[in-house]
Amino acid sequence: MSADRGQRRTRAGKDVRAMIRGATMGHRLSNREVADILLQIADMLEIRGEVVYKALAYRRAAQSILDLGRDINEVWAEGGLRRIPGVGEALEKKLDELLRTGRLQYYEELQEEIPPGVVSLLAIPEVGPKTARLLWERLGATSVAEVEEAARAGRLRELPGLGARSEQRILEGIRTLYQRSKRIPLGVAWPIAMELLEQLRNLPGVEEASAAGSLRRMCPTIGDVDLLAAAKDGAAVTDAFTRFPQVAEVVVHGPTKATVILENGVQADLRVLPRERWGSLLQYFTGSKGHNVALRALAQSKGLSLSEYGYKRGNEEILCGEESQVYEMLGLPWIPPELREDRGEIQAAQEGRLPQLVELRHVRGDLHVHSDWSDGVTPVEELALAAGELGYEYLVVSDHTQSLAVASGLSAARFAEQRRLIDRLNARRQGAHILQGCELEIHADGSLDFPDDVLAGFDVVVASVHSGLRQTRDQVTARIMNALHNPHVDVIGHPTGRLLGQREASEVDIEAILQEAARTGTAIEVNGIPERLDLDDVHVKRAMELGVLIAIDSDAHSANALRAMYYGVAMARRGWANPRSVLNTRSLDQLQKWLRRRG
DNA sequence: GCCGTTTTCGGCCCGACTGTTTTCAGTCG
């Protein structure tokens, strides 16, 4: 569902030619840039009318590159391109050319044939490759603006296969394209979905209701909210759904499916089937697309056909009331939704080596929380009580250090004062045990905000970059390396500094940082703030491969925000993290032993 | 263009909804 869109089309608004020009000037292409070129090629092949499987192959390879967790330039240098899933002989040659020279002749030739402006038409909802080609060939349109103009002039309805309704839908599509709010963070979508689910469960005849799609897989961002329900009378449920008070507009409305736009601009999809098909419905619409394709190929090899309705062997139907039965039929254990990204989980399931995933209940404490001493809003005492209510054994109050003035960073003297308060509070034994930490500024020149003798006084030090995020890759990497080499630094906070939808990740050599963290034993943070989720899932997976310890933190600035731990855990799970790889699943005792060993 | 516990060639996942159609193509998920 929603997740499929993202990988289906080239990202809108990216001038890939500009990226290529940059490449010829010595710019090193990122995984994202390489993937965008492959996606662009896939679009052009489809518009050209090539067999769809060719475009599919390019998209699959693009997704693999995004999921790599490593810099593709390094993989290329090692001669490992062919080991990337979906990269065969032909794509290896093309990728080699692209990474070596910064250019790709095949791509440039395609662009001669199909102007990039035609590809940009695919961004319009309702316009696919066939329509894009039609608009281009018959109207000469090579931009969304030209299509809009033609539609307003009533010239689209004259085209074969299109009518007045299609013209109207395309105009509406252009409008939503212009105002389309970008993908929404998981932390925003989740509460919206929970509210809708509550309403669905209260409808008469609804036996089950669940989130699905990228939301159930806990993707960092969500395109639209996918919901499922089990009920005998599907039409009654979709009818009621389209009349929910939050609904601003009904886009699609049938007896088993409805799509609506909510008043907050978020799109929500609902699918309904009878209870006896719940398992297959849930499995199918949780996706991801890649996971399902692989699963169905497996089904086919066993003479079975799988859809949201269940299995078919010839004319015989096999229903799955529970999701685990869908996997059981294929001889697989149930696979947690967070793993269903076609990143090797099916093979792992076949070989009985699915990871035991970390769960929220494993978390014994939070290592990164701000109080009202710096830029938080909650007193230390209340934070400890709130942490206690969440079932935590300990809480690290880690306020900002002196040089981050915008966040009221504390001097060494102020921290000493705070230490006395913490000692007093701990003596009262109310709520979680409080440890004193700090979120230590890594300066733009790589130096740290406190000397070693001050750092030695903290129980836990989380070192983070907040300034100079736009420095070169080498500079940012060197700063974090320097922090890693300080024995007092226990955790590296939000390593890339990304803010979803607002700020790209810093240019930083994560591979080098992870390898060094594995060596020094420093933990790398998985920050749970919905806009951060940093490290991301792909790099958590790489961290697991390298044996790096992670710390899942809320980075809360209020008692309520401690709950962001939930999203951090989700990201860790998407990265295949097991409880033993997570520092804060340890008991207070074990944590303190670990801290003492580090000195 | 990829890929192999039915294959090195011939497959490649399956269905809902909509609109323009007289039986289906296109889009989306």
Side-chain angles (χ1 to χ4, degrees), chain A residues 1-9 38 41-42 45-47 49-62 64 82 84-95 106 121-122 124-135 156-170 172-173 212-214 223-226 228 234-235 238 250-259 267 269-273 277 280-281 283-312 330-331 342 347 350:
Chain A
M1 302 174 92
S2 56
D4 306 339
R5 256 192 97 77
Q7 74 188 59
R8 182 162 153 68
R9 300 282 180 222
L38 296 189
I41 290 174
L45 292 174
E46 247 186 348
I47 292 170
E50 212 76 45
V51 289
V52 291
Y53 299 110
K54 205 161 163 176
L56 216 81
Y58 275 87
R59 293 208 175 99
R60 225 167 77 72
S64 289
R82 278 298 277 278
I84 300 173
V87 175
E89 196 182 337
L91 272 172
E92 182 190 28
K93 272 184 73 174
K94 291 192 172 77
L95 286 172
Y106 178 66
L121 302 183
L122 297 176
I124 307 172
E126 310 294 331
V127 174
K130 298 289 187 287
T131 311
R133 188 188 179 98
L134 190 69
L135 294 171
L156 262 50
R157 67 184 68 187
E158 295 159 9
L159 297 175
L162 297 185
R165 297 294 299 271
S166 301
E167 187 175 83
Q168 196 53 38
R169 282 179 83 90
I170 287 172
E172 280 166 22
S214 51
D224 46 34
V225 170
D226 295 322
L228 303 175
T238 57
V250 179
V251 182
V252 172
H253 181 190
T256 69
K257 138 173 201 173
T259 297
Q267 178 175 316
D269 294 348
L270 172 68
R271 289 290 300 248
V272 191
L273 285 181
R277 300 183 193 270
S280 43
L281 180 70
Q283 196 290 317
Y284 185 94
F285 282 107
T286 297
S288 64
K289 184 170 188 155
H291 178 85
N292 281 0
V293 166
L295 216 59
R296 284 200 229 174
L298 195 59
Q300 216 174 34
S301 75
K302 296 179 188 293
L304 294 164
S305 156
L306 174 62
S307 77
E308 64 263 48
Y309 292 90
Y311 282 104
K312 266 192 237 165
L330 302 174
D342 194 24
Q347 202 185 349
Q350 283 173 321

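All figures in this text were calculated on a predicted structure; none of them were measured in a lab. Computed over heavy atoms, backbone and side chain alike; hydrogens, waters and symmetry mates excluded. Quick note on labels: first sequence line is chain A, next is B, and so on, each numbered from 1.
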Winner on side-chain proximity to Asp224(A), out of dG26(B), dG15(B), dG29(B), is dG29(B)
What nucleotide among dT20(B), dC14(B), dA16(B) has an atom nearest to a side-chain atom of Ser307(A)?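 So the nucleotide nearest the side chain must be dC14(B).
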Donor-acceptor check, side chain of Ser305(A) to backbone of Lys312(A), threshold 3.5 angstrom: yes or no?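 Not a single qualifying donor-acceptor pair exists.
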Between [N] and [M], how far apart are the two [atom1] atoms, rounded to whole Å?
{"N": "dT6(B)", "M": "dG1(B)", "atom1": "C1'", "answer": "23 Å"}
{"N": "dC13(B)", "M": "dT23(B)", "atom1": "C1'", "answer": "23 Å"}
{"N": "dA16(B)", "M": "dG10(B)", "atom1": "P", "answer": "32 Å"}
{"N": "dC17(B)", "M": "dC12(B)", "atom1": "C1'", "answer": "25 Å"}
{"N": "dT20(B)", "M": "dA25(B)", "atom1": "P", "answer": "16 Å"}

Please produce a list of atom pairs where a protein N or O lies less than 3.5 Å from an N or O of nucleotides 8-13 of chain B.
residue	atom	partner	partner atom	Å
dC12(B)	OP1	Gln300(A)	NE2	3.2
dC13(B)	O2	Arg296(A)	NE	3.3
dC13(B)	O2	Arg296(A)	NH1	2.3
dC13(B)	O2	Arg296(A)	NH2	2.8

For the residue pair [X] and [Y], establish whether any side-chain heavy-atom pair is separated by less than 4.5 Å.
{"X": "Thr259(A)", "Y": "Gln267(A)", "result": "yes"}
{"X": "Glu172(A)", "Y": "Gln168(A)", "result": "yes"}
{"X": "Thr131(A)", "Y": "Ile170(A)", "result": "yes"}
{"X": "Asp269(A)", "Y": "Val252(A)", "result": "no"}

Write down the distance between [atom1] ([X]) and [atom2] ([N]), rounded to a whole number of angstrom.
{"X": "Asp226(A)", "N": "dA16(B)", "atom1": "CG", "atom2": "P", "result": "17 Å"}
{"X": "Leu159(A)", "N": "dT21(B)", "atom1": "CG", "atom2": "P", "result": "11 Å"}
{"X": "Lys130(A)", "N": "dC28(B)", "atom1": "NZ", "atom2": "P", "result": "12 Å"}
{"X": "Gln267(A)", "N": "dC28(B)", "atom1": "CD", "atom2": "P", "result": "11 Å"}
{"X": "Leu95(A)", "N": "dG1(B)", "atom1": "CG", "atom2": "P", "result": "12 Å"}
{"X": "Leu134(A)", "N": "dG19(B)", "atom1": "CG", "atom2": "C1'", "result": "14 Å"}
{"X": "Glu46(A)", "N": "dT27(B)", "atom1": "CD", "atom2": "P", "result": "9 Å"}
{"X": "Leu122(A)", "N": "dG29(B)", "atom1": "CG", "atom2": "C1'", "result": "16 Å"}

For a quick check of understanding: with a heavy-atom distance under 4.0 Å over all strands, which category does [X] fall into, base, sugar-phosphate or nothing?
{"X": "Lys93(A)", "value": "nothing"}
{"X": "Pro255(A)", "value": "sugar-phosphate"}
{"X": "Ala132(A)", "value": "nothing"}
{"X": "Leu162(A)", "value": "sugar-phosphate"}

Residues Asp226(A), Phe285(A); criterion side chain to side chain contact (heavy atoms under 4.5 Å, CB included); working and verdict: CA-CA 8 Å; Asp226(A) 295 322; Phe285(A) 282 107; over 6 Å; no
Trace of the side chain to side chain donor-acceptor pair (under 3.5 Å) decision for Tyr53(A) with Arg60(A): CA-CA 10 Å; Tyr53(A) 299 110; Arg60(A) 225 167 77 72; over 6 Å; no
Phosphate OP1/OP2 of [N]: any [X] side-chain N/O under 4.0 Å:
{"X": "Thr256(A)", "N": "dC17(B)", "answer": "yes"}
{"X": "Lys302(A)", "N": "dT5(B)", "answer": "no"}
{"X": "Arg165(A)", "N": "dT20(B)", "answer": "no"}
{"X": "Ser166(A)", "N": "dT20(B)", "answer": "yes"}

Is it true that, when you exclude Arg82(A) itself, more than 12 heavy atoms of the residues, nucleotides or ligands shown sit nearer than 6.0 Å to its CZ? yes
If each of Glu126(A) and Val252(A) is mapped to the nucleotide of DNA chain B with the nearest heavy atom, which maps nearer the 5' terminus, i.e. the 5' end? Val252(A)
What is the pairing partner of dC24(B), taking Watson-Crick or G-U wobble pairs with both distances under 3.5 Å in any strand? dG19(B)
Salt-bridge criterion met for Lys257(A) and Glu308(A) (N-O under 4.0 Å): no
Check each of Leu38(A), Leu91(A), Ile84(A) against Ser64(A) using the side chain to side chain contact (heavy atoms under 4.5 Å, CB included) test, and report the only one that passes.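 Option passing the side chain to side chain contact (heavy atoms under 4.5 Å, CB included) with Ser64(A): Ile84(A).
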For nucleotides 2-4 of chain B, print each protein N/O atom paired with a nucleotide N/O atom at under 3.5 Å, atom names and distance only.
residue	atom	partner	partner atom	Å
dC2(B)	OP1	Gly88(A)	N	2.5
dC2(B)	OP1	Gly88(A)	O	3.4
dC2(B)	OP1	Leu91(A)	N	3.1
dC2(B)	OP2	Ala90(A)	N	3.4
dC3(B)	OP1	Gly86(A)	N	3.0

Would Ile47(A) and Leu122(A) count as a side chain to side chain contact (heavy atoms under 4.5 Å, CB included) here? Give the steps. CA-CA 9 Å; Ile47(A) 292 170; Leu122(A) 297 176; 4.1 Å; yes
